[in-house]
Amino acid sequence: MLGEGILKGLGETARNFVGSYVSAERLTTVQYPEERAPEIEATRDFPFLVYDGTDGEAGLRCVACQICEKECPPKCIYIVKSTDKKPDAFGKPQIYPTRFDIDISVCMSCQICVEVCPFEAIKMDTEFELSTTDRFGGLLYDRKELSKSNEYYHKIHPTEAAEVDARLAEEKVKADAKAKAAAAAAAAKAAAVPAQAPAHITPKPPVTAVEGDKQG
Amino acid sequence: MIEKADQIFVLLSHWLVSFLPSALQPAAAVLLSVVAIIVTFPALFAISVLLERKGLGRMQNRYGPNRVGPYGIFQPVADGVKALIKEDIVPFRADAVVHFLAPVFLVVVVFMGYAVLPMGRNMTLVNMDAGLLFFFAIGASTELSVFMAGWSSRNKYSLLGAMRAVAQMISYEVPLLMSSVAVVMITGSLSLGKIVDAQNQYTYGFPHWYVFTPWGFAGFVLFAIAATAETNRSPFDLPEGESELVAGYFTEYSGFKFALFFLGEYVGMMGISGLAATLFLGGWSAPFSWLGWVPSWFWFFAKVMLAMCIFIWVRGTLPRLRQDQLMNFAWKFVLPLTLLNLIVAGLWRFMGEGWLRWLVCSAILLLAYTLMGRGGMRGDHIGPRSYRYAE
Amino acid sequence: MSIVFYVIAGLSVAGALAAVLLKNTVHCALALTLAFAGLALLFLELDAQFAGFAQILVYIGAVAILVVFAILLTRGSETPQDTVLSRNPLVGLVTAAAIFAVLGWAVLHSSLSLPQESAKPQVTVMDIGNALMGRYVLPLEIVALLLTAALIGAVIVAMHEKEAAK
């Protein structure tokens, strides 16, 4: 019947009108900046550097391998390697970046730096309210501004951070086990060397050390 | 007391005018009423603009404007200030005189239409014998202003919009007049005051409004459709289609002239709602006889604002009609139904009181609507595609 | 002959003169609309309400729009002429003088036969309706027939054009 669709449409808009006062599903506006939309974990904006523990300089996971600098498509990362070694979060002396600059006006959030980093040192942040009045200097972030703690990483990407921590712990366990095995083998070798007969040149069987699974 | 509240504006005007010497009094009374109209209806325009923006927003699951003042009630003030301080650009090759005159002509003409509307008991500005004809004559002049606006801008989009607007307004002028001729036939007079008086009677508390009769209901619906098209209002707003023609015939207008066009459109809408209320909804008469203590002017303005709300509601619901669909609708559906409505109104008048005339009239109208509507539902026959190549 | 009459008459004559003397054709059409409005005001001044409003409704609301459409759909609005006065004004002057003489004779003879101050006839719309349906019903039906023929003719012409375009 002609006009039926019109009446149905009028009914639908009337439902919308009345419903917008009573139910939340009929009024979907989020009034920014007083209200914020709920945060989604998989957002990404610009990179930041993760540090373990509380010291921003000593706990930095980054060892300035410069892989992310080479892989970055718009070349927005600038790294200067250090010439000395400082102790990292586990006490081992490591190379660290003296300069680590990211120009976020150039960065295109492609996440390639995160994907290629072997040390889980650089991750994507979710902060978007970054406007500043300085077009050039204000958008060039240095190492201090980029370093954020692992607790912060857990806060913004909980599942991802938990995965990363689990992986790092597993690798540490494997690395410790390997170190122990190597130390035990070295000690056994040192103990076995004096008991050896004087040698004639026979090829020794190759030493089967566990080399294969260094990279986890 | 009730009488005083009902006639308060009339008494106020008499009292104010009594301060002047008696030679000037008639002119002063008219001038006072004119000033009252010019003050009231733009205020209602501001309210209805706000209502439209908030209402459309709520219908579209969003807030309307709510930053300027609590719940956005000062938004019209902000809009007015913006319109006043914007630079008034007149295109270089535009026809300056006609470009200037078009919005002025439109606003003058739509305000003149209010002279015959009875806004309350004894509250008509000019009590003319042929009042309805005056209103339609004035309404026909708005088309000329639309054309002037579109042509003087020397802009092909404006011209296209103006031509479409004029074609649409002419096509829907005929159903508009025809559906009100039925009312005139039954009342026996062209004077709007007499039409309201004829509807101001009650049986068992129910009013004798014409919308409660079969021919009156059909006439009201057809009048509403024609009125929506006359004022270039969605779903008939192709001439000012924002997504197709930039802004149609008022593309080249900025600042205050655009505000005048906007004002003219809304004031025209309220004028034609006032006419619809007068012709079909009983003008200033109350819906039930026991509500007669509420002042008559309250009912009139309530009906006008209700009509505005329905305009906004329809705008939020329906998509825009294409020009050829619009014209087809006017000439092939609305006009024949209005002519049939005239015949049915005549039948009603001459069949005498009783249930038979209700049955017969309703049956004829429903049958005609269904049969003609079937033609509209059929859809166009879309055959296989044919191509025409440039030779 | 009050001041109001002179003002309205001046307006009408000015509109009519502008309609023939202006260069831009659309301006001429708008000036013609002004002349129509002046005529309607004259009707209203004589208390002929129906005639006045019908004049506005039909002439300004329909005929003026028709004139404007005709100008736009043909090439009338593109280039204004160099001069609006024709090349041999003599023929035009003679024709205009002859028509003016006939009209002037008709007006002067008719107004001289009536007394100067006569009461205005009070004609209501109901009287017009009664006359149209009673005494003048045959001319009404013939005019209706004429209009129907014009409408059907327009539709046929348009249909032929559509078939020719196919």
Side-chain angles (χ1 to χ4, degrees), chain B residues 95-98 101-102 105 108-109 112-113 116 126-148 150-152 154 156 159-160 162-171 173-174 176-177 181 184-185 187-191 194 230 331 335 386 388, chain C residues 18 22-34 36-37 39-41 43-44 47-73 76-78 80 122-130 133 147 151 154-155 158 162 165-166:
Chain B
D95 200 339
V97 175
V98 181
L101 280 180
F105 187 59
V108 163
V109 158
M112 272 167 75
V116 283
V126 184
N127 217 340
M128 265 192 254
D129 193 33
L132 189 63
L133 195 59
F134 172 77
F135 193 91
F136 284 133
I138 294 303
S141 312
T142 51
E143 304 165 15
L144 203 61
S145 127
V146 163
F147 167 73
M148 277 162 67
W151 177 80
S152 67
R154 299 284 168 114
K156 51 175 152 321
L159 192 61
L160 260 181
M163 302 286 266
R164 287 185 185 179
V166 172
Q168 172 186 313
M169 284 162 114
I170 293 184
S171 314
E173 189 92 33
V174 186
L176 193 76
L177 269 89
V181 164
V184 172
M185 220 166 74
T187 318
S189 161
L190 275 174
S191 154
K194 288 213 188 65
E230 276 290 309
W331 293 105
L335 184 63
S386 67
R388 244 178 52 193
Chain C
L22 286 178
K23 284 203 188 123
N24 195 343
T25 327
V26 178
H27 283 175
C28 300
L30 293 174
L32 194 64
T33 313
L34 185 65
F36 292 154
L39 204 60
L41 286 171
F43 280 133
L44 287 173
D47 261 346
Q49 285 182 9
F50 185 78
F53 297 140
Q55 167 89 4
I56 298 179
L57 185 61
V58 170
Y59 270 89
I60 301 182
V63 171
I65 304 281
L66 182 69
V67 167
V68 151
F69 259 90
I71 293 175
L72 282 179
L73 290 176
S77 72
E78 278 186 5
Q122 295 293 332
V123 178
T124 60
V125 181
M126 186 166 277
D127 295 334
I128 296 181
N130 281 333
M133 285 293 148
L147 286 173
L151 197 64
V155 171
K162 202 165 72 166
K166 278 198 193 143

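In what follows, chains carry the letters A, B, and so on, assigned in the order in which the sequence lines appear, proteins first and then strands, with residues in each chain numbered from 1. Predicted model, so just to flag it, every value in this text is computed and none were measured.
Of the possible donor and acceptor atoms, one in the side chain of B:Ser189 sits under 3.5 Å from a partner among the backbone N and O of B:Ser191. A donor-acceptor pair is defined here as one N or O able to donate and one able to accept, closer than 3.5 Å; such a pair exists between the side chain of B:Thr142 and the backbone of B:Gly139.
In terms of non-hydrogen atom pairs under 4.5 Å with chain C, the most contact-rich of B:Asp95, B:Ile138, B:Val98, B:Leu101 is B:Asp95. Counting heavy-atom pairs closer than 4.5 Å to chain B, the top-ranked of the candidates C:Ile56, C:Leu30, C:Val68, C:Thr124 is C:Val68.
Remark: B:Ser171 OG to B:Leu176 CG distance equals 12.5 Å, nearest 0.5 Å.
Using a 4.5 Å cut-off between heavy atoms, B:Leu190 touches chain C through its side chain atoms alone. Only the side chain of B:Ile170 comes within less than 4.5 Å of a heavy atom in chain C; its backbone stays farther off. Using a 4.5 Å cut-off between heavy atoms, B:Met163 touches chain C through backbone and side chain atoms alike. Of the two parts of B:Phe147, only the side chain, counted from C-beta on, holds a non-hydrogen atom closer than 4.5 Å to a non-hydrogen atom of chain C.
Heavy-atom neighbours of B:Phe105 CZ from other residues, nucleotides or ligands within 6.0 Å: above the threshold of 12. Atom CE of C:Met126 has 12 or fewer heavy atoms from other residues, nucleotides or ligands within 6.0 Å.
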